[in-house]
Amino acid sequence: MRKEKNKKILINGLLCFTIIIYICVLLNVIIFKSLASPMDLFTGNHPIMRSINVFVFKGIWDIKAYAGTNRTNILGNIILFVPLGIFLGTFLNHKRKYILKSLMVIIFISFLFELIQFVFAIGASDINDLILNTSGGMIGIFIYQGMIAVFKKEKVRNFIAIAGTVVGVMMIIMTVFLTIANR
């Protein structure tokens, strides 16, 4: 009994660690991408980049940009939110209507990032990003659904915790090496 409780505490800790790393990645890629330091967000010591697009699919493929850039932007927005759908499945799956609740959380978080970019003038706020991010989150929810259809929920939760921790540790190591190399 005690061993099972300790295992559950360990898995929950690993999941929390993974989610913290994921949030840091989201913030770095979406909010801090054009800033020399996160403090620049509050000091205003950054180039002002404020635009808004409320027309669905307008400008999603920039004809002036290299095709690889367009694909990277589209796929990047989708892939970046896949883990969020998986994490929400891990935490909300035991609740009724968790898919709808997860979808609402994904839309809210994506909208919040677009709003922050607009308010702090650090990027383009785009309805297409909201759609692509939400699509990525839904893919994550479906991946989680597929996993629990094949394996027990507890095994899936353990796998997500361990795999997420491994990826998180690798990202920390890469960040340290890149920081040292760029000094």
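The figures here come from the full heavy-atom set of this structure, side chains too, leaving out hydrogens, waters and symmetry mates.
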### Query
Taking C-beta and beyond as the side chain, do Lys8 and Lys5 meet within less than 4.5 Å on heavy atoms?
no
### Task
Verify the cluster assignment for Phe159 and Ile9: are they in a single hydrophobic cluster under the rule of side-chain heavy atoms below 4.5 Å apart?
no
#### Entry: Spatial distance of atom CG (Leu26) from atom CZ (Phe32) [nearest 0.5 Å]
11.5 Å
### Message
Would the distance check show the side chain of Ser125 and the main-chain N or O of Glu114 forming a donor-acceptor pair, the cut-off being under 3.5 Å?
### Response
yes
### Over all atoms of both residues, closest heavy-atom pair of Ala124 and Asp129
O-OD2, 4.1 Å
### Joint cluster assignment, Met174 & Val25, ILVMFWY side-chain distance < 4.5 Å
no
#### Entry: side-chain contact (heavy atoms from CB on, under 4.5 Å) assessment of Lys33 paired with Gln117
CA-CA 11 Å; Lys33 66 182 174 240; Gln117 288 181 79; 3.3 Å; yes
### Message
With a 4.5 Å cut-off on side-chain heavy-atom distances among I, L, V, M, F, W and Y, is there a chain of contacts connecting Ile173 to Leu178?
### Response
no
### Query
Looking at CD1 of Ile78 and CG of Asn133, how far apart are the two atoms once the value is rounded to the nearest 0.5 Å?
9.0 Å
### Message
If you define the side chain from C-beta out and look only at heavy atoms, does anything of Leu10 sit under 4.5 Å from Asn6?
### Response
no
#### Entry: Shortest non-hydrogen separation from Asn77 to Leu132 and the atoms involved
CB-CB, 3.7 Å
### Query
Is there a side-chain contact between Leu27 and Phe113, using heavy atoms and a 4.5 Å cut-off?
yes
### Task
Mind checking the CD1-CG spacing from Ile141 to Leu92? Nearest 0.5 Å is all I need.
9.0 Å
### Task
Would you kindly confirm whether Leu88 and Ile20 end up in one hydrophobic cluster when ILVMFWY residues are joined by side chain heavy atoms under 4.5 Å apart?
no
### CD1 on Ile11 to OG1 on Thr90, rounded to 0.5 Å
11.0 Å
### Summary
Here the gap from Phe108 atom CZ to Thr134 atom OG1, rounded to the nearest 0.5 Å, amounts to 13.0 Å
#### Entry: Flag if over 12 foreign heavy atoms under 6.0 Å of CZ, Phe91
yes
### Pairs meeting criterion side-chain hydrogen bond (donor to acceptor under 3.5 Å, both in side chains) with involvement of residues 141-150, two or more places apart
Asn93-Tyr144, Tyr98-Gln145
### Task
Give the C-alpha distance, both sets of side-chain angles, the deciding distance and a yes or no for side-chain contact (heavy atoms from CB on, under 4.5 Å) between Tyr22 and Met171.
CA-CA 10 Å; Tyr22 175 69; Met171 291 184 76; over 6 Å; no
### Task
Tell me, with the steps shown, if Met104 and Ile107 meet side-chain contact (heavy atoms from CB on, under 4.5 Å).
CA-CA 5 Å; Met104 292 295 117; Ile107 291 170; 4.2 Å; yes
#### Entry: Spatial distance of atom CD1 (Ile109) from atom CG (Leu84) [nearest 0.5 Å]
4.5 Å
### Closest approach of Ile106 to Gly85 (non-hydrogen atoms, all atoms of both residues)
CD1-CA, 4.1 Å
### Asn158/Lys155 under side-chain contact (heavy atoms from CB on, under 4.5 Å): CA gap, chis, key distance, verdict
CA-CA 5 Å; Asn158 294 350; Lys155 293 230 182 256; 5.5 Å; no
### Query
Do side-chain atoms of Thr18 reach the backbone of Thr165 as a donor and acceptor pair under 3.5 angstrom?
yes
